[in-house]
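Below: the structure, in structure tokens.
The first residue of the sequence shown is numbered 1, and numbering continues consecutively from there.
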Amino acid sequence: MTHPTVFVVDDDSSTRELLVWLMERHGKRTEAFPDARAFLKRYMPDMPGCLVVDLNMPGMSGLDLQRYLKEHGVGIPVLFLSGRADVPKAVKAVRDGAIDFVEKPFDYKRVVALVEDCIRRDAEARAAQERKRAVCEHLAQLTQREREVLDLVVAGRMNREIAESLEISVKTVEAHRAKIMEKLEADSVAGLVQAILAAK
């Protein structure tokens, strides 16, 4: 996994330079872009980190960029920079999924704290996505009968009830359950249920 990067997108060069200096001073890898198009040419969805973007920019605005990323299923956390007059737009951006917005001129400590929160959220979301992918891969290894047993286990049925429902012996149910636990790398029924829920 590559290190998280703070992607700064702002048409104002002094703001870009200030943010790069601020982030790097706090040990954050940073890349800066003068507009949204330049950022989109560089960015790939597997790059972890967060996006710090000016709300109002010529051409593709910060809101346009947020909408574009959302439409393309890109979940990178977004932190908006806005002038005082842009507060209503910034509030709308947050409602549309942005983490927060910061008014210019901004409080350095607050920006750093918000960026750290964004990076943490991104790491958690990517870890959850990876768990989901792994569970889906494991589920694909189950036989049809194992899937049937699994569905009944997740529904809270006891071995005897599962055996009656599928017209097989309790011993066979136990064998299937053991195989399911092994394939899904679960060490308890609770862990099994959590894995299934995570995959949905």
Item to check | Remaining members of the apolar cluster that contains Met158, side-chain heavy atoms under 4.5 Å | outcome: none
Checklist entry - Under 4.5 Å between side-chain heavy atoms, hopping through other hydrophobics if needed: is there a path connecting Met57 to Val20? => result no
Next on the checklist: Going by salt bridge (Lys or Arg N to Asp or Glu O under 4.0 Å), name the residues that satisfy it together with Arg160, two or more places apart in sequence or in a different chain.
Outcome noted: Glu164
Next on the checklist: Between Leu184 and Leu139, is there a side-chain heavy-atom distance shorter than 4.5 Å?
Outcome noted: yes
Item to check | Pairs where residues 65-77 contributes a residue and the test salt bridge (Lys or Arg N to Asp or Glu O under 4.0 Å) is met, not counting sequence neighbours | outcome: Asp64-Arg67
Next on the checklist: Please check if the number of heavy atoms outside Arg37 that lie under 6.0 Å from its CZ is greater than 12.
Outcome noted: no
Next on the checklist: Per the ring pair (Phe, Tyr, Trp, His ring centres under 6.0 Å) rule, what does the pair list look like for residues 145-196, sequence neighbours excluded?
Outcome noted: none
Checklist entry - Between Asp122 and Pro48, which heavy-atom pair has the shortest distance, and what is it? => result OD2-CA, 3.3 Å
Checklist entry - Hey, are the side chains of Asp54 and Thr15 touching, using non-hydrogen atoms and a 4.5 Å cut-off? => result no
Next on the checklist: Under the criterion side chain to side chain contact (heavy atoms under 4.5 Å, CB included), I'd like the reasoning laid out for Leu152 against Leu166: C-alpha separation, chi angles, the key distance, then a yes or no.
Outcome noted: CA-CA 10 Å; Leu152 293 168; Leu166 298 178; 3.9 Å; yes
Checklist entry - Can you list the residues that meet the side-chain contact (heavy atoms from CB on, under 4.5 Å) rule with Lys171, with sequence neighbours excluded? => result Ser169, Glu174
Checklist entry - What is the distance from atom CG of Leu65 to atom CG of Leu55, rounded to the nearest 0.5 Å? => result 11.0 Å
Item to check | CD on Glu24 to OG1 on Thr30, rounded to 0.5 Å | outcome: 4.5 Å
Checklist entry - Which atom pair, heavy atoms only, marks the closest approach of Met60 to Ala36? => result SD-CB, 3.6 Å
Checklist entry - Which heavy atom in Pro77 sits nearest to a heavy atom in Gly49, and how many Å separate them? => result CD-O, 3.5 Å
Checklist entry - Which residues pass the side-chain hydrogen bond (donor to acceptor under 3.5 Å, both in side chains) test with Arg177, sequence neighbours left out? => result Asn159
Checklist entry - Got Asp117 and Asp100 here, is their nearest side-chain heavy-atom distance under 4.5 Å? => result no
Item to check | Heavy-atom pair of closest approach, residues Phe101 and Arg110 | outcome: O-NH1, 3.5 Å
Checklist entry - Given Leu150 and Leu142, is the side chain to side chain contact (heavy atoms under 4.5 Å, CB included) satisfied, shown in steps? => result CA-CA 9 Å; Leu150 175 62; Leu142 299 183; 3.7 Å; yes
Item to check | Listed once per pair and sorted, the salt bridge (Lys or Arg N to Asp or Glu O under 4.0 Å) pairs that draw on residues 133-146, sequence neighbours left out | outcome: Glu130-Arg133, Arg133-Glu137, Arg145-Glu148, Glu146-Lys183
Checklist outcome for this item: Correct closest heavy-atom pair for Arg126 and Met47 would be NH2-O, 2.9 Å
Checklist entry - Can you name the residues that form a salt bridge (Lys or Arg N to Asp or Glu O under 4.0 Å) with Arg29, not counting sequence neighbours? => result Glu31
Checklist outcome for this item: So the salt bridge (Lys or Arg N to Asp or Glu O under 4.0 Å) pairs with at least one residue in residues 3-18 (sequence neighbours excluded) are Asp10-Lys104
Checklist entry - Looking only at heavy atoms, what is the nearest atom pair of Val78 and Val53, with distance? => result CG1-CG1, 3.7 Å
Next on the checklist: Test: ring pair (Phe, Tyr, Trp, His ring centres under 6.0 Å). Region: residues 31-74. Which pairs qualify, not counting sequence neighbours?
Outcome noted: Phe7-Phe39, Phe7-Tyr43, Phe33-Phe39, Phe39-Tyr43, Tyr68-His72
Next on the checklist: Which Ile, Leu, Val, Met, Phe, Trp or Tyr residues join Val52 in one cluster when any pair of side-chain heavy atoms under 4.5 Å counts as a link?
Outcome noted: Val6, Val8, Leu18, Leu19, Trp21, Leu22, Met23, Leu79, Leu81, Val102, Phe106, Tyr108, Val111, Val112, Leu114, Val115, Ile119
Next on the checklist: Going by the rule side-chain contact (heavy atoms from CB on, under 4.5 Å), which residues pair with Asp151 if we only count those two or more places apart in sequence or in a different chain?
Outcome noted: none
